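All chains are named by letter (A, B, ...) in the order of the sequence lines, taking the proteins before the strands, and each is independently numbered beginning at 1. It should be emphasised that the depicted structure is a prediction, and the values quoted were computed from it without experimental measurement.
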Amino acid sequence: KAGVTQTPRYLIKTRGQQVTLSCSPISGHRSVSWYQQTPGQGLQFLFEYFSETQRNKGNFPGRFSGRQFSNSRSEMNVSTLELGDSALYLCASSLASGLINEQFFGPGTRLTVL
Amino acid sequence: DQQVKQNSPSLSVQEGRISILNCDYTNSMFDYFLWYKKYPAEGPTFLISISSIKDKNEDGRFTVFLNKSAKHLSLHIVPSQPGDSAVYFCAAGFAGANSKLTFGKGITLSVRP
């Protein structure tokens, strides 16, 4: 069974631009969560999608948005990029919503904002 | 406000000895706790979890202890192996649906051969 895949793996953008990251969950998984990892803050929850609906949202500004498609693939978008958005963005999938369902993480997308 | 704290950024132990990784939390409503391991250039992988109705959970060389009154949990690795060298994240949340995970900042474990 293929794992969680994220594209692209690396991305360089400049301030003010926008970016779209993609996540393909494990086949059969319907829940996708996004996290931001930075050296100073560790992993911080961005949002979770289940059956194309946002189930939960972390404390990030509205520049961060996401969506989920009918095949459970998910995208997250960051508009008007700031230097502080440089981070590793991780996507995790699970069979269903709820922490008792093990989350499987992808390798992440490393975003650098110049 | 950091609700899950891993106060020691790093730990170094000798191969074969015990590794003890600590984690504290401030939200007494958390009822589900997990540990993840992360190697460079890979996503975190689930290690072990514990529900607040238990105080210990064991899986092979890994044991997690939960002290609810102290709002403290720890991960014990016995015996430690060089392949255990990685960043370990403690995470907490609520067992119900629509819950999000709150992670600590991670501890870098180095196991010396």
Side-chain angles (χ1 to χ4, degrees), chain A residues 2-7 9-10 21 23-26 29-51 53-60 64 66 87-110, chain B residues 1-10 21 23-25 27 29-54 57 59 62 64 66 73 86-108:
Chain A
V4 178
T5 57
Q6 293 186 245
T7 55
R9 292 292 310 277
Y10 302 92
L21 311 182
C23 172
S24 292
I26 292 171
H29 285 194
R30 296 170 62 195
S31 172
V32 173
S33 297
W34 288 88
Y35 296 85
Q36 180 195 66
Q37 184 187 5
T38 57
Q41 296 297 322
L43 273 81
Q44 292 188 288
F45 174 79
L46 279 156
F47 27 66
E48 181 202 4
Y49 286 88
F50 179 77
S51 294
T53 302
Q54 188 179 89
R55 285 293 188 96
N56 214 329
K57 190 176 189 307
N59 298 324
F60 279 82
F64 292 81
L88 180 68
Y89 289 89
L90 292 158
C91 155
S93 77
S94 58
L95 279 170
S97 187
L99 298 186
I100 60 172
N101 297 287
E102 181 180 343
Q103 291 194 9
F104 295 82
F105 282 81
T109 294
R110 173 73 62 185
Chain B
D1 175 33
Q2 194 78 18
Q3 295 191 65
V4 177
K5 301 177 184 179
Q6 296 178 263
N7 293 319
S8 302
S10 63
L21 289 74
C23 177
D24 298 295
Y25 60 96
N27 190 336
M29 301 300 290
F30 285 147
D31 60 3
Y32 201 70
F33 306 87
L34 307 91
W35 284 93
Y36 283 82
K37 177 170 75 172
K38 186 179 185 301
Y39 293 118
E42 295 181 13
T45 54
F46 170 76
L47 258 183
I48 193 169
S49 63
I50 187 167
S51 157
S52 60
I53 62 172
K54 301 174 78 172
N57 190 24
D59 184 1
F62 302 91
V64 57
L66 176 63
L73 64 156
V87 178
Y88 289 78
F89 292 97
C90 166
F94 309 99
N98 305 333
S99 177
K100 63 180 184 180
L101 273 177
T102 299
F103 281 83
K105 295 184 181 181
I107 300 172
T108 300

Trainee: For chain B, which of Ser31(A), Pro107(A), Gly108(A) has the most heavy-atom pairs under 4.5 Å?
Mentor: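 The residue among Ser31(A), Pro107(A), Gly108(A) with the greatest pair count is Pro107(A).
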Trainee: Which atoms of Glu102(A) come close to chain B, meaning under 4.5 Å heavy atom to heavy atom: side chain ones, backbone ones, both, or neither?
Mentor: side chain
Trainee: Could you look at Gln44(A) and say if it's the side chain, the backbone, both or neither that has a heavy atom under 4.5 Å from chain B?
Mentor: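 Gln44(A) has no heavy atom closer than 4.5 Å to chain B.
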Trainee: Hey, mind stepping through Phe105(A) and Lys38(B) against side chain to side chain contact (heavy atoms under 4.5 Å, CB included) and telling me if it holds?
Mentor: CA-CA 10 Å; Phe105(A) 282 81; Lys38(B) 186 179 185 301; over 6 Å; no
Trainee: Given that the side chain runs from C-beta out, which part of Leu43(A) has a heavy atom under 4.5 Å from chain B: side chain, backbone, both or neither?
Mentor: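 It is both, since atoms from each part get that close.
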Trainee: Which value, rounded to the nearest 0.5 Å, describes the distance between Lys105(B) atom NZ and Thr38(A) atom OG1?
Mentor: 8.5 Å
Trainee: Given Tyr35(A) and Leu101(B), is the side chain to side chain contact (heavy atoms under 4.5 Å, CB included) satisfied, shown in steps?
Mentor: CA-CA 10 Å; Tyr35(A) 296 85; Leu101(B) 273 177; 3.6 Å; yes
Trainee: Need one label for Arg110(A): side chain, backbone, both or neither, based on atoms under 4.5 Å from any heavy atom in chain B.
Mentor: neither
Trainee: Which heavy atom of Leu90(A) sits nearest a heavy atom of Gly43(B), and at what distance?
Mentor: CD2-CA, 4.1 Å
Trainee: Please check if atom NZ in Lys57(A) has more than 12 non-hydrogen atoms from other residues, nucleotides or ligands closer than 6.0 Å.
Mentor: yes
